[in-house]
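Below, read A as the first sequence line, B as the second, and so on, with proteins coming before strands; counting in each chain starts at 1.
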2 protein chains.
Amino acid sequence: MKWSELSDNWCPVARTLSIVGDRWTLLILRDCFLGLSRFEQFIESSGMTRHILAERLKRLVEAGILERRKYSDGPKRYDYVLTEKGQELAPALMTLRDWGKKHMPVRRATSADT
Amino acid sequence: MKWSELSDNWCPVARTLSIVGDRWTLLILRDCFLGLSRFEQFIESSGMTRHILAERLKRLVEAGILERRKYSDGPKRYDYVLTEKGQELAPALMTLRDWGKKHMPVRRATSADT
DNA sequence: TTGCGATAGTTCCAAAACGAAACTTAGGAG
DNA sequence: CTCCTAAGTTTCGTTTTGGAACTATCGCAA
């Protein structure tokens, strides 16, 4: 079965994951909750490639989780903000954060992390 | 940046996602919470390929989230059960489920869902 | 004692997704 | 003009995924 076919699954967990259950999307949303909204900010913060970021942002906007907003009229520039639907993912991010804090300690960074 | 480099990220959300943030892993865990434990059960329930399932189970065991348990001595058979660490992911699954229930309605269930 | 079914994988290959880096588009500043 | 910023897009080689067949092991029945 393909991942994309999951959006009609009987299980609400599966349906949720069909949007946010890939390798970067939740990290973008984390950044949104941290107050970031611009393309270059997401790139810098998450370390993902522009390629993938652009694709994920498109999907999140289509899904109604982010809104693409013009923030400059001179050189037309756009950024991304959470919709209400998107904001309601906050509890999910928080539970993942709490679990990580408790169960995924940072492994000592290779000695030379000055 | 490669996904695998995320396990040492400063952000606990990112560290969590380095284990459960791919396409299928949380679905396996959902099944565990539903009481499933065997390879063939996961296959049938989630629709993922044996290939991927085997790989994900291995990672979950390494991460201490599932335990591989022998349940038959005749033909040696193994199944997978949540560790304490794994059980503590329950809140995360529940928040994802709740969000899905509210925001991801089933798009018309193929007419013949008797 | 050979063949069959159940269960947990492994292997193979083509297709899709990803990662890195260069390129594009458009206005502003010097 | 030419460079700079910012949001993408394109290209191309590598990795991951999906699908399907194959393997291994034991229990059971003929």
Side-chain angles (χ1 to χ4, degrees), chain A residues 1-9 14 17-28 31-32 35-63 66-82, chain B residues 1-9 14 17-28 31-32 35-63 66-82:
Chain A
M1 181 199 256
K2 265 167 236 152
W3 183 261
S4 52
E5 296 167 32
L6 229 51
S7 55
D8 278 319
N9 199 280
L17 292 176
S18 75
I19 297 189
V20 302
D22 66 86
R23 290 183 126 72
W24 292 110
T25 298
L26 282 172
L27 240 34
I28 297 173
D31 285 347
C32 291
L36 308 189
S37 67
R38 315 237 278 242
F39 196 91
E40 304 294 330
Q41 290 178 322
F42 293 134
I43 290 294
E44 191 184 4
S45 166
S46 69
M48 64 193 300
T49 63
R50 323 174 69 71
H51 186 50
I52 303 297
L53 176 60
E55 199 262 338
R56 293 297 194 277
L57 288 173
K58 205 169 290 177
R59 295 203 311 123
L60 285 168
V61 168
E62 271 168 26
L66 293 183
E67 192 199 331
R68 189 167 183 264
R69 195 184 55 170
K70 195 197 298 180
Y71 72 88
S72 155
D73 266 321
K76 285 200 184 66
R77 297 278 155 76
Y78 299 88
D79 68 353
Y80 298 85
V81 289
L82 289 162
Chain B
M1 182 199 258
K2 267 167 231 153
W3 183 260
S4 52
E5 296 166 31
L6 229 52
S7 56
D8 278 319
N9 199 280
L17 293 176
S18 76
I19 296 188
V20 302
D22 66 86
R23 300 180 129 78
W24 294 114
T25 298
L26 282 172
L27 240 34
I28 296 173
D31 284 347
C32 291
L36 308 190
S37 67
R38 316 238 277 242
F39 195 92
E40 304 294 330
Q41 291 177 322
F42 294 133
I43 289 294
E44 190 182 4
S45 166
S46 69
M48 65 193 300
T49 64
R50 323 174 70 69
H51 187 51
I52 302 298
L53 176 59
E55 199 262 339
R56 293 297 194 276
L57 288 173
K58 205 168 293 175
R59 294 204 309 126
L60 285 168
V61 168
E62 271 167 26
L66 294 182
E67 193 198 332
R68 188 166 183 266
R69 194 183 55 172
K70 194 195 297 180
Y71 71 88
S72 154
D73 266 319
K76 285 201 184 64
R77 297 280 155 74
Y78 298 87
D79 67 354
Y80 298 85
V81 291
L82 289 162

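Between B:Arg69 atom CZ and C:dT7 atom P the separation is 16 Å, expressed in whole Å. Here the C1' atom of nucleotide C:dA16 and the CG atom of A:Leu6 are 17 Å apart, to the nearest Å. One atom, CZ of B:Arg38, and another, P of C:dG9, lie 12 Å apart when rounded to the nearest Å. Summarising the geometry, the separation between CG on A:Leu66 and P on D:dA7 is reported as 14 Å, rounded to the nearest angstrom.
Crowding of A:Glu44 atom CD: a count of heavy atoms from other residues, nucleotides or ligands under 6.0 Å not exceeding 12.
Here the shortest heavy-atom pairing between A:Arg68 and A:Tyr78 reads NH2-CD1, 3.3 Å. B:Leu82 and B:Leu66 make their closest contact through CD2-CD2, 3.7 Å (heavy atoms, listed as atom of the first residue, atom of the second, distance).
Atom CZ of B:Arg77 and atom CZ of B:Arg38 lie 8.5 Å apart (nearest 0.5 Å). Between the CG atom of A:Asp31 and the CG atom of A:Leu26 there is a distance of 11.5 Å, given to the nearest 0.5 Å. A distance of 9.0 Å separates CD1 in B:Ile52 from CH2 in B:Trp24, rounded to the nearest 0.5 Å.
Looking at A:Ser45, its side chain never comes within 3.5 Å of a backbone N or O of A:Gln41 through a donor-acceptor pair.
Contacts of A:Tyr71 with the nucleic acid, taken as non-hydrogen atoms under 4.0 Å apart, involve only primed sugar atoms and P, OP1 or OP2.
Residues forming a side chain to side chain donor-acceptor pair (under 3.5 Å) with B:Asn9 (at least two apart in sequence, or on another chain): none. Under the salt bridge (Lys or Arg N to Asp or Glu O under 4.0 Å) criterion, A:Glu40 pairs with A:Arg50, not counting sequence neighbours. Not counting sequence neighbours, the partners of A:Asp22 by the salt bridge (Lys or Arg N to Asp or Glu O under 4.0 Å) test are A:Arg56, A:Arg59.
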Set out, line by line, the N/O atom pairs under 3.5 Å between protein and nucleotides 2-5 of chain D.
residue : atom : partner : partner atom : Å
D:dT5   : O2   : A:Arg77 : NH2          : 3.1

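Between the axis at the start and the axis at the end of the helix from C:dT1-D:dA30 to C:dG30-D:dC1 there is an angle of 10°, using five pairs per end and rounding to 10 degrees.
A:Tyr80 places none of its side-chain heavy atoms less than 4.5 Å from the side chain of A:Ile28.
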Encode nucleotides 8-21 of chain D as B, S and - characters from 5' to 3', where the letter depends on protein heavy atoms closer than 4.0 Å: B to the base, S only to sugar-phosphate, - to neither. BBBB-----BBB-B

